[in-house]
Number of protein chains: 2
Amino acid sequence: MKAKLEDVAKLAGVSPTTVSRMMNNRGYVSEATKTKVRSAMEELNYFPNDIARSLFNKRTNLIGLILPTTANPFFGELTFHIENLCAAHGLKVLLCNSLNRIDKEEQYAEMLMRNQVDGIIVGTHNRGILNYKRANLAVVAIDRYLSETIPVVSSDNYEGGRLATQRLIDRGCRYILHFNGPAELETPAQLRRQAFEDIMQQQGLPHDTYEMELPLDREDQLAVIRRALDEHPEVDGIFASNDMIAASVIYEAGNRGMSIPDDLKVVGYDGTAVTSSLMPQLTTIRQPIEAIANTAITMLLREIEGEFDDTARQIVLPVELYEGTTA
Amino acid sequence: MKAKLEDVAKLAGVSPTTVSRMMNNRGYVSEATKTKVRSAMEELNYFPNDIARSLFNKRTNLIGLILPTTANPFFGELTFHIENLCAAHGLKVLLCNSLNRIDKEEQYAEMLMRNQVDGIIVGTHNRGILNYKRANLAVVAIDRYLSETIPVVSSDNYEGGRLATQRLIDRGCRYILHFNGPAELETPAQLRRQAFEDIMQQQGLPHDTYEMELPLDREDQLAVIRRALDEHPEVDGIFASNDMIAASVIYEAGNRGMSIPDDLKVVGYDGTAVTSSLMPQLTTIRQPIEAIANTAITMLLREIEGEFDDTARQIVLPVELYEGTTA
DNA sequence: CTGAAAGCGCTTACAG
DNA sequence: CTGAAAGCGCTTACAG
């Protein structure tokens with residue numbers, strides 16, 4: 001069986017209190033005793049039971065991470081950075097892929113509460129949020145408005161939308177289509193669409209926006225893209241709200257014998273490392289993924305420690321245009 | 001404060017024992033009592049503390065997942081499927097991105113033991129494995145040999161290597177280079193290399209293998225690729241052990257004015273959904289990611305339940321060639 | 001410098 | 001059908 005603190009104490013000939021004190025560096029323990037205890041730990045191959053400690057401490061150092069799916073490179077990279085930073089802060093990550101499904105989000109929210117997580121980072125719609133409030137849990141949202149009191153970390157979506165749209169116009173596009181997720185008020189990502197529509201309207205240029213539920217598999221994306229291209233044969237520019245969609249647009253354009261960027265210019269969104277590897281030619285808006293992760297963790301830790309600064313309800317990080325050859 | 005079982009009991013006018021019995025559907029509780037308890041739970045917005053339950057039950061329903069990084073699409077997708085299946089089985093996933101670094105692997109291994117996980121799925125080298133054994137923990141490896149007793153799930157790497165190599169030869173390649181991770185005996189992925197070298201030797205064709213430490217950032221990969229292309233100007237085919245490397249090869253070939261597939265043919269490896277979206281033209285070997293996840297979970301559950309079937313030490317799943325236009 | 005006791009929030013024999 | 005007691009593996013006042 002697994003050794004427990006009591007076994008260590010017995011073997012070392014001291015009380016459990018003393019062993020506990022040693023592990024936590026609390027109170028005085030003589031050098032002689034320390035040595036005895038340490039060798040007892042070695043001998044028994046002892047590891048403290050963090051479950052028992054958590055129960056007493058009312059602090060698990062566990063955080064929940066809810067996002068649509070790590071299969072999407074943006075979230076896969078975000079997850080990597082978040083988990084990495086957590087590990088550096090002694091936090092452990094319980095991963096939840098909700099696929100943006102409300103039923104899953106609710107199940108996960110309950111699961112996290114039962115597991116006494118110290119905080120939650122949410123990158124999904126999440127209606128279960130009401131429950132968090134009651135539990136008065138630390139929560140940080142990424143690119144989502146969840147409630148008045150939950151801080152939001154996002155990149156500058158309006159600026160991203162503006163940069164993408166302007167790039168297409170500068171390159172001579174006069175008829176641009178935009179692909180985005182469903183119009184929902186809760187996410188700042190809608191600002192990309194808003195920027196697009198604002199600018200096109202200002203310039204008096206024809207445009208249209210198509211919505212697709214995310215995550216969507218490739219075939220479904222292609223169906224929307226085909227319809228859009230069919231409905232707008234004059235199109236000469238596309239602003240896609242993520243790089244996968246942009247890639248599918250380019251693929252479908254190829255099927256139709258359109259050449260990129262001559263016949264059609266395409267700008268994507270996210271600009272992950274994976275995109276840089278697999279599609280270095282794609283012009284896209286780069287989100288500062290690591291900075292988003294960093295900011296989210298920092299805010300969450302502040303909330304957990306109770307030093308939450310009420311003024312910083314929303315943090316917006318800069319994006320940049322990556323100039324590929326597709327636009 | 002958070003309500004606890006005792007609060008529910010008091011409000012319902014019963015003993016904690018009865019409330020516990022209800023939650024666990026154990027023993028008899030009268031309908032009348034059930035109703036009282038249920039409404040008390042509602043009123044207090046009660047959620048059981050799984051930490052406390054775990055302490056008693058010696059079962060956390062927590063599993064650890066150690067892999068290089070979810071930022072790599074293969075692992076991002078694998079993680080998605082594993083977590084998803086775990087959720088369906090009532091298991092929770094503690095995520096660990098080790099970057100194949102031994103120090104991190106060891107830290108994570110200890111962390112997981114302290115947290116009393118019921119089992120671990122390992123997709124990284126992991127020397128910390130010795131400790132698992134002592135803790136006599138359920139472990140399943142993905143594409144890694146960890147020890148005699150730890151079952152391994154992998155796809156058919158030799159066949160994958162064979163398919164890739166044969167494809168290149170069939171398309172007329174006579175001088176093929178292979179890019180792979182460092183030659184280490186612990187991973188079945190070395191069989192890809194072996195298949196490549198076996199076939200090339202059989203056919204008496206010139207070939208060479210270059211190793212790169214993974215995960216490697218794009219610039220470092222490109223450096224190896226440039227060196228390889230410089231050293232072998234006669235090369236007409238490349239078999240890369242993952243799709244990111246294949247993409248970088250194609251990129252560098254473009255820089256050199258080589259046209260794909262006329263001057264150089266390229267086959268990748270992994271064939272993730274992300275690759276299908278971003279690089280549908282890439283000829284690659286598709287690993288059955290969801291099946292790998294499924295098999296790993298099934299085996300781990302069996303180990304946890306103690307019904308481990310000793311005969312199934314290694315499970316090899318079929319791969320397939322996806323025929324793109326790069327080879 | 002060290003230990004006995006109580007308690008973290010649950011569950012499970014054991015009684016009744 | 002229901003409850004009092006002990007215990008899961010720790011930690012922390014409180015004594016000494």
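Because the structure is a prediction, the values reported are computed rather than measured. Chain letters run A, B, ... following the sequence lines, proteins first, then strands; residues in each count from 1.
Contact annotation for Thr18(B): backbone-only contact, meaning every heavy-atom pair under 4.0 Å involves sugar-phosphate atoms and none involves a base. Residue contacts for Ser20(B): at a heavy-atom cut-off of 4.0 Å it reaches a base atom on one of the strands shown. As judged by a 4.0 angstrom heavy-atom cut-off over every strand, Thr33(A) is placed among residues touching the sugar-phosphate backbone only. No engagement by Asp50(A) is indicated, since no non-hydrogen atom pair under 4.0 Å with the nucleic acid exists.
For the pair Phe56(B) and Ser15(B), nearest-nucleotide mapping onto DNA chain D gives the more 5' position to Ser15(B). Each of Asn57(B) and Thr17(B) was matched to the nucleotide of DNA chain D holding its nearest heavy atom; the match closer to the 5' end belongs to Thr17(B).
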Give the table of side-chain donor-acceptor pairs shorter than 3.5 Å for residues 84-93 of chain A, with sequence neighbours excluded, one pair per line with atom names and distance.
residue, atom, partner, partner atom, Å
Asn84(A), OD1, Lys104(B), NZ, 3.0
Lys92(A), NZ, Thr60(A), O, 3.1
Lys92(A), NZ, Asn115(B), OD1, 3.1

Which donor-acceptor pairs under 3.5 Å do the side chains of residues 8-16 of chain B make with protein atoms, sequence neighbours left out?
residue, atom, partner, partner atom, Å
Lys10(B), NZ, Glu6(B), OE2, 3.4
Ser15(B), OG, Thr17(B), N, 3.4
Ser15(B), OG, Thr18(B), N, 3.3
Ser15(B), OG, Thr18(B), OG1, 3.3

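The two residues Phe74(B) and Asn72(B) make their nearest non-hydrogen contact at N-OD1, 2.7 Å. Across every non-hydrogen atom of Ser155(A) and Asp143(A), the tightest pair is N-OD1, 4.1 Å. Thr70(A) and Asn97(A) make their closest contact through N-OD1, 2.9 Å (heavy atoms, listed as atom of the first residue, atom of the second, distance).
Listed by first and then second residue, the salt bridge (charged side-chain N to carboxylate O under 4.0 Å, His left out) pairs that reach into residues 54-71 of chain B are Arg59(B)-Asp118(B), Arg59(B)-Glu305(B), sequence neighbours excluded.
Taken to the nearest 0.5 Å, the CG atom of Leu67(A) stands 7.0 Å off from the OG atom of Ser98(A).
Residues forming a side-chain contact (heavy atoms from CB on, under 4.5 Å) with Ala71(B) (at least two apart in sequence, or on another chain): Glu77(A), Phe80(A), Thr69(B).
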Map every base of DNA chain C to its dot-bracket character, where paired means a Watson-Crick or G-U wobble contact with both distances under 3.5 Å and | marks a partner outside the strand.
|||.||||||||.|||

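Protein chain A contacts DNA chain D from dG9(D) to dA13(D), reading 5' to 3' and using non-hydrogen atoms of the protein with a distance under 4.0 Å.
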